[in-house]
Number of protein chains: 2
Amino acid sequence: MPFELKILGSNSANPVYNRHQSSQLLNIEDNFFLIDCGEATQHQLLRYKIKFNKINHIFISHLHGDHYLGLVGLLSTMHLHGRKKDLILFGPTGLDEIITLQLKYSETFLSYKIIYREVETEKAQTIFETDLLWVESIPLKHRIRCSGFLFKEKPKRRRLNKLKLPEDISLANIVSLKNGQDVMGPSGELLFKNEEVTLPPKKSRSFGYCSDTIYLEENIPQLSSVDLLYHESTFLDDMKDRAKVTYHTTALQAATFALKANVKKLVIGHYSSRYKDLNPLLLEAKSIFPDTRLAIEGEVISVADE
Amino acid sequence: MPFELKILGSNSANPVYNRHQSSQLLNIEDNFFLIDCGEATQHQLLRYKIKFNKINHIFISHLHGDHYLGLVGLLSTMHLHGRKKDLILFGPTGLDEIITLQLKYSETFLSYKIIYREVETEKAQTIFETDLLWVESIPLKHRIRCSGFLFKEKPKRRRLNKLKLPEDISLANIVSLKNGQDVMGPSGELLFKNEEVTLPPKKSRSFGYCSDTIYLEENIPQLSSVDLLYHESTFLDDMKDRAKVTYHTTALQAATFALKANVKKLVIGHYSSRYKDLNPLLLEAKSIFPDTRLAIEGEVISVADE
């Protein structure tokens with residue numbers, strides 16, 4: 001089952017060199033989570049032939065325009081497509097007010113309901129949960145309130161080893177085995193010892209999204225050992241003073257964070273418009289954390305489940 | 001001197017088939033007027049290598065998202081480019097409130113001043129004037145308040161016929177001749193009879209922008225004989241009932257308007273997403289008004305000055 005991150009926008013403030021502003025689409029077992037929504041995100045979804053109405057949850061990190069100015073256009077297009085399903089929108093204080101004001105002046109009464117969930121940006125919290133996963137906020141430090149998001153699959157059930165089981169095993173027994181229990185017969189005798197007829201669960205995967213922020217070691221425990229970390233890397237390290245003043249991170253710092261948090265793979269993005277060639281950012285990060293890759297629009301980064 | 005309309009966005013609500021939402025850039029003698037600013041207008045300006053800071057006046061017809069959702073992004077990018085010049089922004093009630101709210105939450109203090117000019121959408125008014133031109137609002141009827149814009153060059157001065165004048169003619173005499181006066185000598189004798197040494201002024205050109213609106217004959221007098229008329233043509237005429245309900249115009253109606261107003265050239269656009277092929281819209285309009293062309297993004301429509 002997929003756990004895939006699709007890059008829709010990779011640049012910071014200005015949309016130059018055909019790079020768009022921040023947006024990513026995370027697919028966890030066919031649940032589609034849109035993370036940030038810079039201007040023209042709907043154009044990018046169209047370009048990559050992603051059906052808008054697959055998206056039921058949108059997460060906005062903060063209210064700098066390059067992270068959310070595509071939202072009202074996307075919400076309007078979903079309305080024009082006749083969407084009926086509720087849409088859950090996570091974001092900081094003010095996002096609902098901005099949307100409400102724009103819908104008021106356009107006299108738009110959406111065909112669906114937006115359920116707004118305000119995200120506390122000062123501390124890590126579980127902000128969303130399903131049978132499949134949890135989403136936690138990640139407290140970031142930027143010029144304005146800003147939160148990252150950590151998506152974690154819940155522990156999965158054991159898998160049946162079909163080679164070791166009869167074809168006519170009952171549904172009740174299957175459930176017991178998947179839940180890790182042994183199966184007993186009517187007289188209390190052991191029919192199937194769990195560990196002999198099942199395989200370990202598939203891996204629970206995780207993705208952390210950190211944008212925009214200064215280098216922030218206190219978030220290392222929360223992001224420890226995640227499978228995939230996206231960390232903004234606006235600047236090369238020779239501009240670390242500029243990074244600090246603007247509350248951004250350098251590629252070297254992002255890689256240092258990834259190393260210390262022992263993550264499996266790092267993706268960097270949110271490039272400053274001063275970098276037409278992104279290779280220096282990649283090389284700088286790889287010098288510290290080899291399993292780094294660039295966020296390149298249209299590319300998909302997959303996490304395997306075993 | 002140029003009088004050129006550049007099409008930046010040509011589609012209505014949805015940005016499909018690589019067509020963007022409404023935006024046009026009018027260049028009148030190197031004064032650049034941006035008219036409407038759908039989402040991703042800044043991307044289009046970049047694509048066509050138009051320097052943002054050439055634009056000092058922006059006109060927004062109404063507050064449906066496909067006509068203004070690119071504005072805050074563009075204003076922010078102008079700020080990031082360090083713009084200092086004032087920017088004059090024309091639009092309906094609510095536009096300043098929307099911008100102010102978004103700048104508040106992003107904690108952006110623009111490097112330049114926006115001078116907001118609220119446009120009365122119920123009647124035609126002169127909303128802007130320079131030495132060169134007037135801009136009038138055009139009252140449109142749409143689902144929400146909506147105004148078109150009419151750009152009219154002022155009458156121009158007579159031109160010197162250099163073949164008929166000495167090279168050492170004084171600046172004061174040049175000014176008199178350009179203003180249509182004869183030039184008298186110190187004793188009151190006629191030195192140059194104006195009509196013998198000057199040529200008629202170059203033509204004063206005009207452009208009318210009508211989007212979005214139902215077919216509205218009462219605007220014919222205001223737009224009578226304009227050189228270039230852009231009129232929205234969302235639908236083919238077989239959907240005229242749908243056009244009426246949604247307060248839009250058909251290609252046939254736009255052409256009828258152009259014919260009755262005796263305009264020189266018609267440009268149609270704001271295409272419904274149902275039309276991938278635009279030729280039927282063009283053919284329908286041409287059947288009534290032959291000098292019609294489609295708004296095609298990236299194309300420039302020029303009006304000659306003689």
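Order of the sequence lines sets the chain letters (A, B, ...), proteins ahead of strands, with each chain counted from 1. Since the model is a prediction, treat every value here as computed from it, not as a measurement.
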Proximity breakdown for B:T41 and chain A, heavy-atom pairs closer than 4.5 Å
backbone

Portion of B:I98 that has a non-hydrogen atom of chain A nearer than 4.5 angstrom
both

Pairs of heavy atoms under 4.5 Å with chain B: top-ranked of [options]:
options	value
A:V72, A:D66, A:N18	A:V72
A:G70, A:G94, A:G38	A:G94
A:L101, A:V16, A:L95, A:L103	A:L101

Engaged part of A:H81 at the chain B interface, taking heavy atoms whose separation is under 4.5 Å:
side chain

ring-ring contact (aromatic ring centres under 6.0 Å, His included) partner of B:F90, the single match among B:F149, B:Y209, B:F33, B:F128
B:F128

Note: B:E122-B:K141 ion pair, threshold 4.0 Å (strictly below)
no

Do you know which of B:H79, B:K85, B:M78 makes side chain to side chain contact (heavy atoms under 4.5 Å, CB included) with B:S111?
B:H79

Between B:E97, B:R143, B:R145, which shows the greatest number of heavy-atom pairs under 4.5 Å with chain A?
B:E97

Look at B:E107, B:H67, B:R47, B:H62 and state which one has the largest set of heavy-atom pairs under 4.5 Å with chain A.
B:E107

Is a donor from one side chain sitting under 3.5 angstrom from an acceptor on the other, for A:E297 and A:H20?
yes

Would B:K6 pass as a cation-pi partner of B:Y48, given that its NZ or CZ must be under 6.0 Å from the six-membered ring centre and within 45 degrees of the axis?
yes

Atom CD1 in B:I7, atom CD1 in B:I35: separation rounded to 0.5 Å?
9.0 Å

